[in-house]
Amino acid sequence: MRKTTIYIAERYHLANPSRFAVCSRLRLVTTIVTLFVYLLSRRTLLVYDVWATFSTTHEAELFLPAMAPATSRNPDSEKRNQSQIEILLDSSNLTVQEMSIDINANGKLIKFAPSSSKQFGVPPQDAFSACLLVMDENFRLSEWIAYHFFTLPLRTLVVLVDPRSRTSPKLILDQWREYMDIVEWTDGDILFNYNSSLLKGTTREKTKLHRTRQKLFYGSCTRYLKATNRSWTTYFDVDEYLAINEADTFDSSERIGQSGSIIRLLRETKAKPRERLYHGPCITLPRRYFSGSKESTVDMVFNRVPDFLNASRFETLRWRYRSDNTVTENGASKAIMDVSQIAWKELRRQRLEVHRPIKSCPPNHVRSGPFSIHHYLGTWEAYSHRNDARDGHHRNRTQWELRSDQTSGGSTDQIRPWIAGFVQQVGKQRAAYLLEDVGIYQDRVSDDGNVK
Ligand SMILES: *[C@@H]1O[C@H](CO)[C@@H](O)[C@H](O)[C@H]1NC(C)=O
Ligand SMILES: *[C@@H]1O[C@H](CO)[C@@H](O)[C@H](O)[C@H]1NC(C)=O
Ligand SMILES: *[C@@H]1O[C@H](CO)[C@@H](O)[C@H](O)[C@H]1NC(C)=O
Ligand SMILES: *[C@@H]1O[C@H](CO)[C@@H](O)[C@H](O)[C@H]1NC(C)=O
Ligand SMILES: *[C@@H]1O[C@H](CO)[C@@H](O)[C@H](O)[C@H]1NC(C)=O
Ligand SMILES: *[C@@H]1O[C@H](CO)[C@@H](O)[C@H](O)[C@H]1NC(C)=O
């Protein structure tokens with residue numbers, strides 16, 4: 001067996017900012033030791049550096065350890081048990097090529113089957129991953145996973161559940177574990193400790209909290225996926241769908257009906273010398289709003305949808321009208337990145353920016369190109385379903401109406417063939433099971449009577 005050493009930098013909570021200096025020195029020593037071990041051993045070495053660094057005292061305030069979960073309070077109990085991890089690896093008969101290793105920021109180690117060995121497996125270089133932050137969005141989650149499972153193809157999903165959620169995505173995620181690697185994190189896993197009284201604070205405080213959580217999550221998630229040898233990764237939300245832009249690709253509808261259409265088109269685009277914005281490991285993609293109020297006829301909504309499904313529950317099938325690609329309402333582009341092609345040093349910053357995660361990403365105001373992210377507003381019920389701290393007063397009826405009224409981009413059915421393709425791929429019975437929660441608002445209750 002090939003021995004693999006996984007080195008994980010230990011993490012220290014900053015009980016007070018004066019400890020910061022001590023931490024910096026320790027960090028330097030750790031780095032030198034790591035380098036030394038690497039040169040000596042010449043073994044595969046994955047450095048998973050999860051240091052909390054703080055640029056300002058103000059930010060440190062957000063991380064007050066007093067409010068952290070009990071296990072996070074004592075730095076000694078937090079130290080990862082390096083020998084334990086090595087024993088786990090040594091006692092396994094698998095080499096690193098044969099297994100995927102899940103190390104989350106708490107140092108928990110879970111052994112996965114390689115994703116290509118799962119049902120509907122794809123070659124590792126084709127498999128997409130996603131960093132997904134969710135909060136009470138179960139009515140959208142099944143559709144989002146199914147669509148991206150089929151089109152990207154999505155095979156690793158890292159989910160962070162916002163602690164203010166009233167519901168849990170667990171039962172839906174359970175349905176998918178046979179087909180993809182699913183990792184669930186909480187705030188502790190991304191080293192996010194804050195004074196919880198901020199949750200009831202002003203809109204500004206809540207927005208700041210949400211943004212900080214999102215950036216820390218994208219940072220931890222990216223390092224985790226890189227350490228576990230993943231490649232293309234998405235960083236958008238559960239109301240956003242990565243689709244093909246028919247203005248740029250004449251056979252977009254045929255393509256979207258075939259599994260793995262996105263990775264295929266991505267490869268084709270990268271091979272074109274002129275498509276310079278697509279050559280690097282980070283790509284920024286434009287977004288467009290889809291109205292949540294302009295309805296279509298039943299015939300249009302159910303067109304090309306297998307008859308055992310209720311198409312009006314699917315965002316991608318019900319909503320056909322969109323904004324013009326030039327309106328500023330659409331917001332900045334969102335990025336996808338091939339984490340395997342990004343140097344560790346680009347990921348040293350604890351947080352990644354949401355729209356342009358690393359400096360080498362192209363500008364984040366692109367308007368055209370072979371891909372387009374469909375941003376579904378959904379009905380007012382859907383839009384207002386979660387108590388969204390990020391938007392605070394933005395998520396009000398006026399705002400929803402304003403955005404939903406923007407339909408000057410006309411209607412599109414380009415995305416529609418995905419559903420028939422998905423049903424064909426997984427079979428009718430399995431599709432019915434995996435999609436049973438699409439568009440259902442009430443929370444499911446598990447066997448123990450808890451709302452999940
Ligand atoms: C680390 O793990 C090993 C093996 O499980 C155990 O014997 C040892 O006591 C642990 N050390 C600490 C400090 O927890
Ligand atoms: C490793 O392989 C040996 C013999 O091939 C087997 O007895 C043992 O149970 C295996 N260990 C694990 C952890 O799979
Ligand atoms: C990582 O993935 C690539 C394909 O994306 C593969 O060629 C390589 O062997 C993998 N490396 C390890 C250490 O698993
Ligand atoms: C959290 O913030 C509140 C209000 O700003 C403050 O009164 C309280 O002392 C803080 N808690 C801690 C543990 O610092
Ligand atoms: C389809 O779903 C919609 C929205 O939930 C519902 O109003 C309608 O009755 C359903 N149609 C059928 C045939 O179940
Ligand atoms: C709704 O949101 C918009 C945009 O943030 C804001 O300008 C407006 O004042 C809000 N309206 C209400 C009634 O809160």
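Every value quoted in this text rests on a predicted model; they were computed, and no experiment measured them.
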Next on the checklist: Given F290, which partner from the list F314, Y321, W319, Y376 fulfils the ring-ring contact (aromatic ring centres under 6.0 Å, His included) test?
Outcome noted: Y376

Next on the checklist: V423 vs Q429, test: side chain to side chain contact (heavy atoms under 4.5 Å, CB included). Steps then yes/no.
Outcome noted: CA-CA 9 Å; V423 170; Q429 262 192 336; over 6 Å; no

Next on the checklist: side chain to side chain contact (heavy atoms under 4.5 Å, CB included), that's the test. Do Y235 and I336 meet it? Break it down for me.
Outcome noted: CA-CA 6 Å; Y235 300 86; I336 60 171; 5.6 Å; no

Next on the checklist: Are I283 and L277 packed together at the side-chain level, in the sense that at least one heavy-atom pair is separated by less than 4.5 angstrom?
Outcome noted: no

Checklist entry - Is E268 salt-bridged to R255, going by a charged N under 4.0 Å from an acidic O? => result yes

Checklist entry - Are the aromatic ring centres of H374 and Y289 under 6.0 angstrom apart? => result no

Checklist entry - Are the side chains of V301 and V298 in touch, meaning some heavy atoms are under 4.5 Å apart? => result no

Checklist entry - Distance from R177 atom CZ to I172 atom CD1, nearest 0.5 Å? => result 11.5 Å

Checklist entry - Can you find a pair of side-chain heavy atoms, one from T379 and one from R318, that are under 4.5 Å apart? => result yes

Item to check | Distance in Å, Q399 CD paired with Y383 OH, rounded so as to fall on 0.5 Å steps | outcome: 5.5 Å

Checklist entry - Which atom pair, heavy atoms only, marks the closest approach of S291 to L377? => result CA-CD1, 4.4 Å

Item to check | Intermediate values then yes/no, side chain to side chain donor-acceptor pair (under 3.5 Å), R230 and T156 | outcome: CA-CA 8 Å; R230 302 302 203 272; T156 304; 2.8 Å; yes

Item to check | Other residues, nucleotides, ligands: >12 heavy atoms within 6.0 Å of E254 CD | outcome: no

Checklist entry - Is the H148 ring parallel, tilted or perpendicular to the F236 ring (thresholds 30°, 60°)? => result tilted

Checklist entry - Below 4.5 Å, heavy atoms only, C-beta onward: do R430 and Y179 meet side chain to side chain? => result yes

Checklist outcome for this item: Here the gap from T167 atom OG1 to M135 atom CE, rounded to the nearest 0.5 Å, amounts to 8.5 Å

Item to check | Verdict with supporting geometry, I145 and L141, side chain to side chain contact (heavy atoms under 4.5 Å, CB included) | outcome: CA-CA 6 Å; I145 297 178; L141 190 57; 3.9 Å; yes

Next on the checklist: By the definition side-chain contact (heavy atoms from CB on, under 4.5 Å), identify the one residue from L157, V161, L160 that meets it with L132.
Outcome noted: L157

Checklist entry - For D162 and R213, what are the C-alpha separation, side-chain angles and deciding distance, and is it a side chain to side chain contact (heavy atoms under 4.5 Å, CB included)? => result CA-CA 9 Å; D162 189 294; R213 172 180 291 112; 3.3 Å; yes

Item to check | Gap separating the NE2 atom of H375 from the CG atom of D239, nearest 0.5 angstrom | outcome: 4.0 Å

Next on the checklist: Looking at every non-hydrogen atom in both residues, tell me the closest pair between V158 and F217 and how far apart they are.
Outcome noted: O-CZ, 3.5 Å

Next on the checklist: Tell me whether the rings of W176 and F149 are parallel (<30°), tilted (30 to 60°) or perpendicular (>60°).
Outcome noted: tilted

Checklist entry - Below 4.5 Å, heavy atoms only, C-beta onward: do L266 and F128 meet side chain to side chain? => result yes

Checklist outcome for this item: Closest non-hydrogen contact found for P417 with I256 is CD-CG2, 3.7 Å

Checklist entry - How far apart are the C-alpha atoms of E401 and S293, what are their side-chain angles, what is the distance that settles it, and do they pass the side chain to side chain donor-acceptor pair (under 3.5 Å) test? => result CA-CA 8 Å; E401 281 171 3; S293 61; over 6 Å; no

Checklist outcome for this item: P362 and C282 have their tightest heavy-atom pair at CD-O, 3.3 Å

Checklist entry - Distance only, no hydrogens: is a donor on one side chain within 3.5 Å (strictly under) of an acceptor on the other, for E346 and S360? => result yes

Checklist entry - Should we say atom CZ of R267 is surrounded by more than 12 heavy atoms from elsewhere, each under 6.0 Å from it? => result yes

Checklist entry - Minimum heavy-atom separation for F308 to A431, with atom names? => result CZ-CB, 4.1 Å

Next on the checklist: Under a 3.5 Å cutoff, is there a donor and acceptor pairing between the side chains of T412 and E246?
Outcome noted: yes

Item to check | OG1 on T249 to CD on Q414, rounded to 0.5 Å | outcome: 8.5 Å

Checklist entry - Under 3.5 Å, is there a donor-acceptor pair linking the side chains of D299 and T297? => result no

Next on the checklist: Checking side-chain polar atoms at under 3.5 Å, does T316 have a donor or acceptor matched by the opposite partner on E143?
Outcome noted: yes

Checklist entry - Less than 4.5 Å apart, any side-chain heavy atom of Q175 and any of L435? => result no

Next on the checklist: Taking CD in E205 as the centre, count heavy atoms belonging to other residues, nucleotides or ligands within less than 6.0 Å. Is the count above 12?
Outcome noted: yes

Checklist entry - Got more than 12 heavy atoms from elsewhere within 6.0 Å of NZ, K270? => result yes

Checklist entry - Is any side-chain heavy atom of K118 less than 4.5 Å from a side-chain heavy atom of D181? => result yes

Next on the checklist: Suppose we call two aromatic rings close when their centres sit under 6.0 Å apart. Are W418 and Y147 close by that rule?
Outcome noted: yes

Item to check | pair K334-L285: side-chain heavy atoms closer than 4.5 Å | outcome: no

Checklist entry - Mind checking what makes side chain to side chain donor-acceptor pair (under 3.5 Å) contact with S296, not counting sequence neighbours? => result R320

Next on the checklist: Return the CG to CG distance between L171 and D437, rounded to the nearest 0.5 Å.
Outcome noted: 8.0 Å

